[in-house]
Amino acid sequence: MNLLRNMLMTMILMAVSVLAVQAQDDEITDEDIKKYALLTEVVDQMKKEVSTVINELIRNQEGMNGQRYLELAKTKGDADKLAAIDAKDYEVKFLELVEGVKNERMESIKTVNQELATKMLGNNGRDYKAVKAAVESDPAVKTKFEAALAEIKGEKKEKA
């Protein structure tokens, strides 16, 4: 009977310690939040760069301006919609070119984000997902994230 009780107590203690270790692994640290904020800022800057490149393409395309490009872009390449706005062949080709550049760069951003999420935060991206979910659902974590992001942006401005 004592042997059975000792084995049961040992199993209970092992289960509790495994749960405690798992709870520690699931805990989001301030360092995790700072890394997530840095990753977010890097991705945001990369997205802004895509916008800059697209604006440069529009500016350099003869016969194209921002308003016309937006009108073309709203069609999402639909032939009937393009015909309805009297899109010229060169405008359609230009729209395809811009969409290609944009898609290529957005795909690169996605790849960089995935790499950084797994390398910076570790745990095969699970920590990234946990921090992201916490930022979206926990006001205290969101406040820490916003403070970390503001600090990163402030440091960036001071160095510039």
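- A pairwise comparison of heavy atoms in Val92 and Ala87 identifies CG2-CB, 4.0 Å as the closest pair.
- For Asp89, the CG atom is loosely surrounded, since the number of other residues' heavy atoms within 6.0 Å does not exceed 12.
- Asp78 places a side-chain N or O within 3.5 Å of a backbone atom of Asp80 that can act as its donor or acceptor partner.
- Arg126 contributes atom CZ, which lies 12.5 Å from atom CG of Leu121 (distance to the nearest 0.5 angstrom).
- Taking a cutoff of 4.0 Å between a charged side-chain nitrogen and a carboxylate oxygen, Glu31 and Lys34 do not qualify as a salt bridge.
- What you find for Ala117 and Leu39 is that their closest heavy atoms are N-CD1, 3.5 Å.
- No continuous path of hydrophobic side-chain contacts links Leu72 to Tyr90 [ILVMFWY only; heavy atoms under 4.5 Å].
- The closest side-chain heavy-atom distance from Val43 to Ile109 is below 4.5 Å.
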Show the numbers, then the answer: is there a side-chain contact (heavy atoms from CB on, under 4.5 Å) between Val42 and Met120? CA-CA 12 Å; Val42 168; Met120 282 178 65; over 6 Å; no
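- Separation of atoms CD1 (Ile58) and CD (Gln61) is listed at 10.0 Å; rounding is to 0.5 Å.
- For Ile28 against Ile33, the heavy-atom pair with the smallest separation is CG2-CG1, 3.8 Å.
- The shortest distance between side-chain heavy atoms of Tyr128 and Asn113 falls below 4.5 Å.
- Here the NZ-OG1 distance, from Lys153 to Thr40, works out to 9.5 Å after rounding to the nearest 0.5 Å.
- The main-chain N or O of Lys47 is never found under 3.5 Å from a side-chain atom of Ser51 such that the two would form a donor-acceptor pair.
- Asp32 and Thr29 share a donor-acceptor pair across their side chains, judged by distance under 3.5 Å alone.
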Using the rule given for salt bridge (charged side-chain N to carboxylate O under 4.0 Å, His left out), can you reason through Glu56 versus Arg59, listing the C-alpha separation, both sets of side-chain angles and the distance that settles it, and then say yes or no? CA-CA 5 Å; Glu56 189 69 24; Arg59 195 171 17 263; 2.9 Å; yes
Pair up each side-chain donor or acceptor in residues 93-102 with any protein partner under 3.5 Å, not counting sequence neighbours, and list the distances.
{"residue": "Glu99", "atom": "OE2", "partner": "Tyr69", "partner atom": "OH", "Å": "3.4"}

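- Glu71 and Gln67 share no side-chain donor-acceptor pair at under 3.5 Å.
- For the atom pair CG (Asn124) and OG1 (Thr118), the distance works out to 7.0 Å, reported to the nearest 0.5 Å.
- Side-chain contact check for Glu107 versus Glu104: every heavy-atom pair is 4.5 Å or farther apart.
- Going from atom CZ of Phe145 over to atom OH of Tyr36 covers 5.5 Å, rounded to the nearest 0.5 Å.
- The NZ atom of Lys35 lies 12.0 Å from the CG atom of Asp30; values are rounded to the nearest 0.5 Å.
- A salt bridge is defined here as a Lys NZ or Arg NE, NH1 or NH2 lying under 4.0 Å from an Asp or Glu carboxylate O, and Glu136 with Lys142 fails to meet this definition.
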